[in-house]
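This report concerns only the one structure given below.
Note that the structure is predicted; figures quoted are calculated from it, not measured. Computed from heavy atoms alone, side chains included, the values below leave out hydrogens, waters and symmetry copies. In what follows, chains carry the letters A, B, and so on, assigned in the order in which the sequence lines appear, proteins first and then strands, with residues in each chain numbered from 1.
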Amino acid sequence: MKTVASTERLRFPEGAALREMFASRAYLLAYPVLGATIALLYTWLLPGLELGSLGFWVARYVTPLQFGFSVTMGLLLPLPLLLSVYFWRHPSCCVSSAGSKRSRIPLAAALGGIVPNLLCCTPFIPTLLAVFLSGTALLAVSPPIQHVLNVYAWAFYATAAVSAWLSLRLTAKRYSRESLWREEGPAAA
Amino acid sequence: MTDSSGHDDDRDRDHRTNGARTARRTERCPVCEETVRIDRMPGHLRSVHPDQCDSAKVVRYLRARKDSISRAQRRELRTPRGWTRWGWTRWRIAGVILAVLIVGAAAYFIVNPPAPPGVRTGTEAPTFTFTSPSGVPTELSAYRGHPVVLWMVATWCSGCAAGTQVFAQSYYSQYSAAHVTLLEIEDYNDLGESGPGISSFASAYGYHGQSGWVLGVASASATGTYNPNSELDYYYVVSAGGVVVAQGSGLGGNFGAALSAATGG
């Protein structure tokens with residue numbers, strides 16, 4: 001039978017899992033360091049891909065949308081990564097598989113933000129399509145694809161951010177189920 | 001007859017008793033080492049370790065328990081819920097085919113690098129007419145005698161916007177001092193997509209009528225000649241003598257290199 005506490009724990013698994021993880025000082029210190037690194041990486045990479053240069057000077061030309069996304073990913077992405085490491089290092093309290101298959105979600109989230117800039121503003125798509133198409137066919141296919149990637153870049157950013165959050169939730173939920181199974185029996189989990 | 005049937009009944013009873021005994025026996029779960037009744041082990045694995053059902057240690061465990069866990073249970077356990085094994089296999093096959101295609105395309109590019117689109121480097125830049133924002137038609141040949149950087153842009157392209165901003169803030173003064181003209185030309189019909197006019201686009205990122213920075217809109221034939229692959233951000237460096245000395249994608253990250261090429265540095 002599920003208790004009120006166990007129901008709450010399953011409904012909001014992130015809170016319990018993060019509380020437990022951040023009780024450890026190492027993770028509390030690692031979070032801002034990893035978050036700042038990820039945010040800086042995106043702040044450099046996103047305008048760099050747009051401008052076609054990976055010099056550090058490109059960070060001066062980051063747009064407000066790109067900056068917002070970089071900060072969001074800096075805040076979100078370290079959480080599932082650190083949680084996976086925490087579960088892996090504390091096998092007594094959780095499944096050994098916490099994140100074996102789901103660890104792909106943070107990777108997808110990390111790459112999701114780069115996709116629009118990588119495909120829209122570089123010669124990748126036109127050059128690839130030019131192998132198969134030419135003339136009016138190329139003109140009919142290539143610009144619409146690049147236009148969608150360019151105009152709806154915000155949607156790619158939002159999807160990447162949601163994926164990062166989803167990854168956190170799934171990892172935490174898995175951990176909570178395991179903990180409840182151990183503490184209150186199979187019915188609670 | 002009686003003996004025979006009595007013997008059969010005994011055997012059935014023994015079999016049932018053995019089955020019940022086996023079912024009541026407990027073992028440690030191969031994944032979490034929790035103590036679980038053998039007959040409940042498939043349910044435990046499926047609900048608690050759904051991601052581990054295909055793992056080597058679970059498969060080994062199930063093989064070793066052929067007597068106590070039925071074939072149907074084992075097969076069901078190895079089938080991910082909500083999907084069939086064949087479904088996953090099909091996705092994997094599709095993934096492998098896609099990967100092979102991508103690797104093949106990349107290999108093709110490496111072996112046969114595509115020729116630069118449009119006008120070749122080292123050849124004379126064919127003249128064309130572009131229309132200024134005020135509607136005045138201008139010929140490229142009118143700039144003979146001065147080095148020119150010809151930049152084909154789409155006004156909905158964020159890379160072109162960033163590049164325009166980079167030019168206004170960091171490179172305009174250098175180009176002006178070297179007497180190199182930047183011709184920022186919008187592709188014909190903005191490559192078929194909707195975007196702002198070239199004038200309002202450039203004004204939003206630092207253009208305010210500076211001399212040596214010229215805006216215009218290309219005709220369909222000029223776009224076909226200078227940007228046949230419909231790239232969003234393509235440039236040519238044309239020397240004072242009208243010869244293309246360099247070209248490439250992404251002028252935003254290459255203003256310095258283009259200036260060096262234009263001045264012969």
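- The side-chain hydrogen bond (donor to acceptor under 3.5 Å, both in side chains) contacts involving residues 22-40 of chain A comprise nothing, where partners must be two or more places apart or lie in separate chains.
- Rounded to the nearest 0.5 Å, atoms CZ (A/Arg60) and OG (B/Ser170) are 4.5 Å apart.
- Residues forming a ring pair (Phe, Tyr, Trp, His ring centres under 6.0 Å) with B/Trp156 (at least two apart in sequence, or on another chain): A/His147.
- Annotation: B/Tyr188, atom OH; neighbour count of heavy atoms from other residues, nucleotides and ligands within 6.0 Å does not exceed 12.
- With rounding to the nearest 0.5 angstrom, the SG atom of B/Cys160 is 8.5 Å from the CG atom of A/Asn150.
- Heavy-atom minimum distance, B/Leu191 versus A/Pro143: O-CB, 3.3 Å.
- Within 6.0 Å of atom CZ in A/Phe22, more than 12 heavy atoms from other residues, nucleotides or ligands are found, so the atom counts as buried in its surroundings.
- Here the closest heavy-atom approach between residue A/Glu50 and residue B/Ala162 is recorded as OE1-CB, 4.0 Å.
- Heavy-atom distances place both the backbone and the side chain of B/Ser158 under 4.5 Å from chain A.
- Counting non-hydrogen atoms of other residues, nucleotides and ligands closer than 6.0 Å to CH2 of A/Trp57 gives a total above 12.
- In this view, B/Ser221 and B/Ser219 satisfy the side chain to side chain contact (heavy atoms under 4.5 Å, CB included) rule, not counting sequence neighbours.
- Minimum interatomic distance between A/Ser142 and B/Asn229 (heavy atoms only, all atoms of both residues): OG-O, 4.3 Å.
- Contact annotation for residues 64-82 of chain A against chain B (heavy-atom separation below 4.5 Å): no residues qualify.
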